[in-house]
Amino acid sequence: MQIIVFTLNKKYYAFSSENVEEITKKMPWTTIPQSPEWVQGLVNLRGNVITLINFYKLLSPTSETEELCYNNIIIVKKDDEKIAFMVDDVAWVTEIDPAEIQQLEHQAEEKVSGLIQVKDQMVNMINMETLF
């Protein structure tokens, strides 16, 4: 299984690469009035309008969530739906054995499904089902 590892506030997270359509540099967005706190706005990617999610605010929905400097956008696709996620940096792409993922005991709506150690770092595996 191939994963894309990225950072958010000095922590490591990963998506399965099968869900990632594209990684791009930051781009301007248009704010959406009365949207949830974690919706940063809309981006125009080659004529496609995609919702831009502030991933840090989605994972840490507290009022003290600091504003982070982000450098990349990861475009994730499931079926015909696309979502763009703001991340600090894309760290690396690597192969892992799915059996090595330590599943977390949690409720179905949790955003992190498990942990895996990659290159001496603990990486949080993102549960793609809860994002869509």
Side-chain angles (χ1 to χ4, degrees):
M1 164 181 190
Q2 189 178 55
I3 60 171
I4 296 174
V5 180
F6 57 94
T7 59
L8 279 174
N9 199 24
K10 299 178 183 150
K11 291 184 181 174
Y12 288 86
Y13 297 89
F15 286 130
S16 169
S17 67
E18 70 184 23
N19 301 107
V20 175
E21 182 169 287
E22 181 175 345
I23 300 170
T24 183
K25 294 292 182 189
K26 63 182 176 181
M27 60 181 66
W29 65 83
T30 303
T31 305
I32 305 170
Q34 301 177 0
S35 62
E37 182 73 22
W38 43 267
V39 173
Q40 193 72 31
L42 298 173
V43 294
N44 184 338
L45 183 66
R46 293 183 297 281
N48 293 317
V49 177
I50 303 171
T51 303
L52 179 63
I53 305 297
N54 184 321
F55 210 33
Y56 185 66
K57 287 182 179 178
L58 182 65
L59 293 174
S60 304
T62 64
S63 58
E64 300 106 33
T65 302
E66 60 189 271
E67 287 299 317
L68 299 176
C69 175
Y70 82 100
N71 296 311
N72 295 103
I73 296 175
I74 300 177
I75 310 293
V76 177
K77 182 177 181 181
K78 183 174 180 195
D79 301 324
D80 290 333
E81 189 176 354
K82 293 181 187 178
I83 301 176
F85 293 98
M86 299 167 64
V87 301
D88 291 348
D89 287 300
V90 175
W92 58 80
V93 178
T94 190
E95 290 283 336
I96 62 165
D97 180 352
E100 294 176 6
I101 300 173
Q102 299 172 17
Q103 297 298 319
L104 300 177
E105 293 181 24
H106 59 72
Q107 299 171 339
E109 69 270 1
E110 290 296 320
K111 294 166 187 69
V112 175
S113 61
L115 293 171
I116 188 164
Q117 185 164 348
V118 181
K119 297 186 181 185
D120 297 328
Q121 297 293 332
M122 287 306 294
V123 177
N124 298 283
M125 288 296 300
I126 300 299
N127 183 351
M128 295 303 295
E129 297 302 314
T130 63
L131 298 180
F132 287 88

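Starting from 1, each residue takes its place in the sequence as its number. Computed over heavy atoms, backbone and side chain alike; hydrogens, waters and symmetry mates excluded.
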Report the C-alpha separation of Y13 and F85 in whole Å, then their side-chain angles, then the decisive distance to 0.1 Å, and conclude whether the ring-ring contact (aromatic ring centres under 6.0 Å, His included) test is met.
-> CA-CA 12 Å; Y13 297 89; F85 293 98; over 10 Å; no
Within-4.5 Å side-chain heavy-atom neighbours: I74 and F55 | no
Test side chain to side chain contact (heavy atoms under 4.5 Å, CB included) applied to M27 and L52, step by step | CA-CA 10 Å; M27 60 181 66; L52 179 63; over 6 Å; no
Side chains of T7 and V87: does their closest heavy-atom pair fall under 4.5 Å?
-> no
Atom pair CG (N9) and CG (D88), whose distance is rounded to the nearest 0.5 Å | 7.0 Å
Examine distances only and state if a side-chain atom of N54 and a backbone atom of Y56 form a donor-acceptor pair shorter than 3.5 Å.
-> yes
Gap separating the CZ atom of F15 from the CD1 atom of I126, nearest 0.5 angstrom | 6.0 Å
Rounded to the nearest 0.5 Å, how far apart are NZ of K78 and CD of E21?
-> 15.0 Å
Over all heavy atoms of both residues, which pair between S16 and M1 is shortest? Give the atoms and the distance, please.
-> CB-CE, 3.7 Å
Could you check L59, V112, V5, L8 and say which one makes a side-chain contact (heavy atoms from CB on, under 4.5 Å) with N124?
-> V112
With the 4.5 Å side-chain cut-off for hydrophobic clustering, are I32 and I53 part of the same group?
-> yes
Donor-acceptor under 3.5 Å (D79 side chain, E81 main chain) | no
Is there a chain of hydrophobic side chains (I, L, V, M, F, W, Y, each step under 4.5 Å between heavy atoms) that links V76 to V93?
-> yes
Please examine the side chains of I75 and V20, heavy atoms only from C-beta on, and report whether any two atoms are closer than 4.5 Å.
-> no
Joint hydrophobic cluster, F6 plus W92, side-chain heavy atoms closer than 4.5 Å = no
Taking the side chain as every heavy atom from C-beta outward, state whether N72 and K25 have any pair of such atoms under 4.5 Å apart.
-> yes
dist I4:CD1 -> N19:CG (nearest 0.5 Å) comes out at 9.5 Å
For M125 against A14, the heavy-atom pair lying closest together | SD-CB, 3.7 Å
Flag the pair Q40 / Y70 as yes when at least one side-chain heavy-atom distance between them is below 4.5 Å, and no otherwise.
-> no
Any chance you could measure N48, atom CG, to K82, atom NZ, to the nearest 0.5 Å?
-> 4.5 Å
How many angstroms lie between atom CG of N71 and atom CG of D89, to the nearest 0.5 angstrom?
-> 4.5 Å
For G47 and N44, work out which heavy atoms get closest and say how close.
-> N-OD1, 2.8 Å
Apply side chain to side chain donor-acceptor pair (under 3.5 Å) to Q117 and list each qualifying residue two or more places apart in sequence or on a separate chain.
-> none
For residues P28 and V43, report the shortest heavy-atom separation together with the two atoms involved.
-> O-CG1, 3.7 Å
Steps toward side chain to side chain contact (heavy atoms under 4.5 Å, CB included) verdict (L115, V123) = CA-CA 6 Å; L115 293 171; V123 177; over 6 Å; no
